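First the structure, in the form of structure tokens, and then the observations on it.
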Amino acid sequence: MAQYGPTLNPPKTLIPKLPNPNPSFYSISTFRTPKPKSKNFSTISMSVTAGQNQQQHQKPPSLDVLINSARKEEVLGAIKNSSSHCLSETNLHLTVPGLQSKTRGKVRDVYDSGDYLVMVTTDRQSAFDRILASIPFKGQVLNETSLWWFDKTQHITSNAVVSAPDENVTIAKKCSVFPVEFVVRGFVTGSTDTSLWTVYNNGVRNYCGNALPDGLAKSQKLPANILTPTTKAADHDVPVTPDEIVERGLMTQAEYDEVSRKALSLFEYGQHVALEHGLILVDTKYEFGKGQDGSILLIDEVHTPDSSRYWIAHTYEERFKNGLEPENVDKEFLRLWFKDHCNPYEDEVLPDAPEELVHELSWRYIFLYETITKSEFKLPSTEEPIHDRISRNVARALSSLT
């Protein structure tokens, strides 16, 4: 298996088959789209009122809270102090006995321990199939968000999680990974070349086997959630139809049918939970594999701000009617900054992300974690270097599994 060194823009994660520089400008979402005629479009009621979906004393999440709050000020100091100590690279194969190899993905470093995979979620930030920056606490947020969702979705599908010995680490069962990412979408949106809005706006009306009606506006809710799978190419994702997946031998028809059902059910459940917490789960991606016993397992990450797009729920409908971008709680503003300042698909060297945007994105990850889980994000201790802490915790966990 190829090994990837600490290059700036590594290829996409390969899981071993063993088994304007002002953040408030972008966060206020002042980008405007043509105002739709309401009678031609289905809308979605996303009102979240106190005493209905949340407790009486709580207010629904809002962009005002996201931009300016006591909690943000509390966390921002820790974010700034940790900017120079991000977990941008790990080398556990040099510090933990029994780890046989390392595969460096865009965000995760994956280690083969023989019986299990040790997955370390770093602070690396990716978009456009590139590494853009390192975001303080991002790895911990992603890992703990995924673990929360893995636990909440066991009634829909089994997963590969064995244990989580560290804030940034998940130990998982080895799987034969399906070479397909299952992207589920509930809205027409996005800014990348492969986003649903981009291809739709370019005239595509049949996408990944889904027939799309004419007359949809950006950020509009689709008549029904759709599945738009992609193949996991080395440097970018390639849209594919269900028939092509089976014809190419990427999955059997039975495997595709089971996984697609699970993906759509996971997304529907995720939308329900998100809305209860004042958010809209707009789109996401899932990955699946087959365990050694032949069972299909959910792997990788679930409903994180890296794999998913979230909007503020209670302002969505009014903003859509007025032709405004939804208030978002994801990395879209960072994507937009890079698109405004370079060609992130073709430029060999990218500009450094502004410090203000890095800090803003770190806060957004934490805000989203706390909003979804209704728990306070635990800032890690800085007394012990993070790589030493991870090495110690992983070594202890692996010794208990043998």
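By convention here, the first residue in the shown sequence is residue 1. These numbers come from a predicted model, not from an experiment.
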R261 side, atom CZ; L227 side, atom CG - distance, nearest 0.5 Å: 12.5 Å
Salt bridge flag under 4.0 Å for residues R71 and E74: yes
Residue pair D283, T189: steps toward the side chain to side chain donor-acceptor pair (under 3.5 Å) verdict: CA-CA 9 Å; D283 50 40; T189 191; over 6 Å; no
S391 and its side chain to side chain contact (heavy atoms under 4.5 Å, CB included) partner, picked from V96, L94, I386: V96
Pair H272, E276: side-chain N/O donor-acceptor within cut-off below 3.5 Å: yes
Min side-chain heavy-atom separation L99-V118 under 4.5 Å: yes
Test ring-ring contact (aromatic ring centres under 6.0 Å, His included) applied to Y369 and F377, step by step: CA-CA 7 Å; Y369 169 83; F377 179 74; 5.8 Å; yes
Between D151 and Q154: side-chain donor-acceptor atoms closer than 3.5 Å: yes
Gap between atom CG of D112 and atom OG1 of T103 - 0.5 Å precision: 8.0 Å
Ring centres under 6.0 angstrom apart (Y316, F187): yes
Test side chain to side chain contact (heavy atoms under 4.5 Å, CB included) applied to K262 and I296, L298, T153, the passing residue: I296
Smallest separation among heavy atoms of A353 and V358, with atom names: CB-CG2, 4.0 Å
No-hydrogen, no-angle side-chain donor-acceptor test under 3.5 Å, S295 and D293: yes
Taking every non-hydrogen atom, the tightest pair across R130 and P344: NH1-O, 2.8 Å
Flag, side chain of D347 to backbone of L350, donor-acceptor distance under 3.5 Å: no
Nearest-0.5 Å distance that lies between atom CZ in F338 and atom CG in L132: 4.5 Å
Interatomic distance, K339 atom NZ to L334 atom CG [nearest 0.5 angstrom]: 13.0 Å
Set of residues satisfying side chain to side chain donor-acceptor pair (under 3.5 Å) with respect to T304, sequence neighbours excluded: E301, S307
Whether E370 side chain and F367 backbone form a donor-acceptor pair below 3.5 Å: no
Stacked cation flag R205 on Y200, 6.0 angstrom / 45 deg: yes
Verdict with supporting geometry, E317 and K321, salt bridge (charged side-chain N to carboxylate O under 4.0 Å, His left out): CA-CA 6 Å; E317 189 170 342; K321 288 180 179 179; 3.3 Å; yes
Taking every non-hydrogen atom, the tightest pair across I79 and P136: O-CG, 3.8 Å
Any donor-acceptor pair under 3.5 Å from E244 side chain to T241 backbone: yes
Carboxylate-amine/guanidinium contact E89 R104, below 4.0 Å: yes
Rounded distance (nearest 0.5 Å) linking atom OG of S176 with atom CG of L297: 10.5 Å
Between CZ on residue F137 and CG on residue L361, distance to nearest 0.5 Å: 13.5 Å
T228 and R185 side chains, donor-acceptor separation under 3.5 Å: yes
Under 3.5 Å donor-acceptor, Q140 side chain and K378 backbone: yes
Test item: side-chain donor near acceptor, Q125 and Y365, under 3.5 Å: yes
Heavy-atom pair with the smallest gap, counting every atom of S84 and N81: OG-O, 4.4 Å
Proximity of W363 and H359 rings by center, below 6.0 Å: no
Minimum-distance pair of heavy atoms, taken over all atoms of G105 and D109: N-OD1, 4.4 Å
Charged N-O contact under 4.0 Å between E287 and K285: yes
Pair K290 + E258: basic N to acidic O under 4.0 Å: no
Non-hydrogen atoms of P165 and I171 that approach each other most closely: CG-CD1, 3.9 Å
Side-chain donor-acceptor contact under 3.5 Å, D123 with S88: no
Flag, side chain of T145 to backbone of L142, donor-acceptor distance under 3.5 Å: no
Short N-O contact, K173 and D115, less than 4.0 angstrom: no
Full working for ring-ring contact (aromatic ring centres under 6.0 Å, His included) between H303 and Y286: CA-CA 8 Å; H303 299 162; Y286 305 105; 5.5 Å; yes
Short side-chain donor-acceptor distance under 3.5 Å, Q271 and N225: yes
Salt bridge flag under 4.0 Å for residues D306 and K138: yes
